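Everything numeric here is computed off the predicted structure, so don't read it as measured data.
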Amino acid sequence: GIRHIAEVCLITDKDISTRTRVNALMEVFKASKFVAEDFDIERLHAITDDPQWGSQMEEQGFVKRGDNFEIHVKDIK
């Protein structure tokens, strides 16, 4: 069969304060959770090449899996 997928592309401006960027990231997580729940998607995956963003994602509950990060939708705050 066919499975639904959802994709978000987030590009950040490092000239903006870290707090503002983290707040924006949290809003993206909330929107992603809403869409994922609507389409019965259980996990979200994220890719970043920035170690600081990786740390931020881990603080929000993402688990590092190789070069990617993963979180169960139900665990998004």
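- Put simply, V22 and V28 are part of the same group of oily side chains (I, L, V, M, F, W, Y) that touch within less than 4.5 Å, one to the next.
- Contact detail for L44 and S32: the closest heavy-atom pair is CD1-CB, 3.8 Å.
- In E7, the CD atom is not crowded: 12 or fewer heavy atoms of neighbouring residues, nucleotides or ligands sit closer than 6.0 Å.
- Applying the side-chain hydrogen bond (donor to acceptor under 3.5 Å, both in side chains) test to residues at least two apart or on different chains, the pairs with a partner in residues 14-26 are K14-D50, S17-T20, T18-R21.
- More than 12 heavy-atom neighbours from other residues, nucleotides or ligands sit within 6.0 angstrom of CG on D38.
- Listed here is the closest heavy atom pair of T48 and G54: CG2-N, 3.8 Å.
- Using a 4.5 Å cut-off on side-chain heavy atoms (C-beta onward), M57 and F29 make contact.
- Atom CD of Q52 sits in a sparse spot, with 12 or fewer heavy atoms from other residues, nucleotides or ligands closer than 6.0 Å.
- Note: I47 CD1 to D67 CG = 8.5 Å, rounded to the nearest 0.5 Å.
- Here the shortest heavy-atom pairing between E58 and F69 reads CG-CE2, 3.8 Å.
- I76 and I41 fall into different hydrophobic clusters, where Ile, Leu, Val, Met, Phe, Trp and Tyr residues are linked whenever their side-chain heavy atoms come under 4.5 Å apart, directly or through other members.
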Test side-chain contact (heavy atoms from CB on, under 4.5 Å) applied to K33 and V73, step by step
CA-CA 6 Å; K33 180 178 182 173; V73 171; 3.7 Å; yes

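- Looking at residues two or more places apart in sequence or on another chain, you find no side chain to side chain donor-acceptor pair (under 3.5 Å) involving K74.
- Residues L10 and W53 are members of one and the same hydrophobic cluster, defined by side-chain heavy-atom contacts under 4.5 angstrom among Ile, Leu, Val, Met, Phe, Trp and Tyr.
- Interatomic distance, E70 CD to D75 CG, rounded to the nearest 0.5 Å: 10.5 Å.
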